[in-house]
Amino acid sequence: MNKYLLLLILPLLSFTLTGCDDEDDVKPFNLDLFAGTWEVIDNGNQVLLQRDCILDITSSQTHEGFGGYQGYFTTYFIRDDDTLIHDEIFSWSIREIDNHIPLLTVLIKGQLDTDNPWDGNYYYRITKLTDTDMWWQVNTNGDNSTIKFRRRNDIHID
């Protein structure tokens, strides 16, 4: 009888031991890595940021927990003589996290010419953020292109 009981319990134990929660495997993004100098190495299909564009990103945490980061970034282009040409200024915010992915809202400063407060906003999902690489996936209907960045520690912006 003990043999039959063991044969019945063994499959149940195997299911309980092998079942795991995927939430434990998800590693949260370190949004402190967001600030710095980044270069667009692939701009996907979007038109906001051009390839070889340099972003100087400032960041501050507005509150503890998910999201709660905001700041500014200025875009530049490098001339042939290695000097920087100022391009545009943007404000950005990360107010929430969707399924462990930070949701980024970007606004070109001075872009609002209409009464619609959503005009001029660009939405992205930060799908990769490491010491050296960052990817933004366009978060609008019908477009899922990805902008790829690499950190540029060799460029110092005053």
Side-chain angles (χ1 to χ4, degrees), residues 19-158:
C20 65
D21 188 8
D22 290 338
E23 293 288 321
D24 296 338
D25 297 338
V26 175
K27 190 174 183 181
F29 283 90
N30 179 1
L31 291 175
D32 292 333
L33 296 174
F34 191 71
T37 305
W38 297 90
E39 179 181 15
V40 177
I41 57 172
D42 184 356
N43 68 332
N45 298 337
Q46 58 79 45
V47 295
L48 182 65
L49 300 172
Q50 299 176 23
R51 191 175 196 294
D52 298 328
C53 177
I54 304 295
L55 280 70
D56 181 35
I57 300 176
T58 61
S59 173
S60 64
Q61 187 172 13
T62 56
H63 64 274
E64 296 289 327
F66 291 135
Y69 283 80
Q70 66 184 17
Y72 297 94
F73 66 84
T74 305
T75 56
Y76 298 89
F77 289 96
I78 300 176
R79 290 185 178 161
D80 291 337
D81 63 357
D82 290 335
T83 59
L84 296 174
I85 303 171
H86 179 268
D87 186 36
E88 292 185 280
I89 298 175
F90 300 80
S91 62
W92 63 268
S93 64
I94 298 171
R95 299 277 183 231
E96 61 183 298
I97 307 291
D98 177 33
N99 198 22
H100 302 285
I101 303 292
L103 300 179
L104 172 68
T105 302
V106 174
L107 173 67
I108 301 176
K109 293 190 60 75
Q111 187 75 5
L112 292 179
D113 294 341
T114 70
D115 294 331
N116 184 351
W118 298 110
D119 281 352
N121 285 334
Y122 298 88
Y123 304 99
Y124 301 95
R125 297 167 54 87
I126 301 174
T127 56
K128 181 177 184 179
L129 180 58
T130 67
D131 289 338
T132 58
D133 298 296
M134 177 169 58
W135 294 2
W136 297 358
Q137 182 181 26
V138 177
N139 194 26
T140 57
N141 293 336
D143 187 2
N144 62 354
S145 61
T146 299
I147 309 170
K148 297 179 181 178
F149 303 87
R150 75 170 170 205
R151 188 174 298 275
R152 293 290 303 263
N153 293 325
D154 60 329
I155 298 174
H156 300 286
I157 300 171
D158 297 324

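Position 1 is the first residue of the sequence, and the numbers go up from there.
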State which residues pass side chain to side chain donor-acceptor pair (under 3.5 Å) with [X]; sequence neighbours excluded, sorted by chain then number.
{"X": "D81", "value": "T83"}
{"X": "E39", "value": "R150, R152"}
{"X": "D52", "value": "none"}
{"X": "Q50", "value": "none"}

Just how far is it from atom [atom1] of [X] to atom [atom2] of [Y], taken to the nearest 0.5 Å?
{"X": "I147", "Y": "I41", "atom1": "CD1", "atom2": "CD1", "answer": "11.5 Å"}
{"X": "L104", "Y": "Q137", "atom1": "CG", "atom2": "CD", "answer": "12.5 Å"}
{"X": "T74", "Y": "D56", "atom1": "OG1", "atom2": "CG", "answer": "6.0 Å"}
{"X": "D87", "Y": "L55", "atom1": "CG", "atom2": "CG", "answer": "9.5 Å"}
{"X": "I157", "Y": "T58", "atom1": "CD1", "atom2": "OG1", "answer": "11.0 Å"}
{"X": "Q46", "Y": "N43", "atom1": "CD", "atom2": "CG", "answer": "5.0 Å"}

[Y] side chain reached by [X] side chain, heavy atoms, under 4.5 Å:
{"X": "N153", "Y": "T37", "answer": "no"}
{"X": "Y69", "Y": "S93", "answer": "no"}
{"X": "L129", "Y": "L31", "answer": "yes"}
{"X": "V138", "Y": "T146", "answer": "no"}
{"X": "E96", "Y": "D98", "answer": "no"}
{"X": "D42", "Y": "W135", "answer": "no"}
{"X": "R125", "Y": "L103", "answer": "yes"}

Between F73 and L49, is a side chain to side chain contact (heavy atoms under 4.5 Å, CB included) present by the stated rule, with each step listed?
CA-CA 12 Å; F73 66 84; L49 300 172; 4.3 Å; yes
Answer yes or no: are there more than 12 heavy-atom neighbours, outside D80 itself, under 6.0 Å from its atom CG?
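Open: at most 12 neighbouring heavy atoms sit under 6.0 Å from CG of D80.
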Check for a donor-acceptor pair, side chain of R95 on one end and backbone N or O of T105 on the other, with a separation under 3.5 Å.
no
By side-chain contact (heavy atoms from CB on, under 4.5 Å), which residues pair with T130, not counting sequence neighbours?
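For T130, the residues satisfying side-chain contact (heavy atoms from CB on, under 4.5 Å) (neighbours in sequence not counted) are K128, T132, D133.
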For Y124, which of W136, W92, F34 qualifies under ring-ring contact (aromatic ring centres under 6.0 Å, His included)?
W136
Which heavy atom of T75 sits nearest a heavy atom of F90, and at what distance?
CG2-CE1, 3.5 Å
Closest approach of R151 and L33, non-hydrogen atoms and distance?
NH2-O, 2.5 Å
Taking only residues at least two apart or on different chains, which pairs with a member in residues 37-60 satisfy ring pair (Phe, Tyr, Trp, His ring centres under 6.0 Å)?
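Matches after skipping sequence neighbours: none remain.
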Take the angle between the ring planes of Y76 and H86 and call it parallel below 30°, perpendicular above 60°, tilted in between.
perpendicular
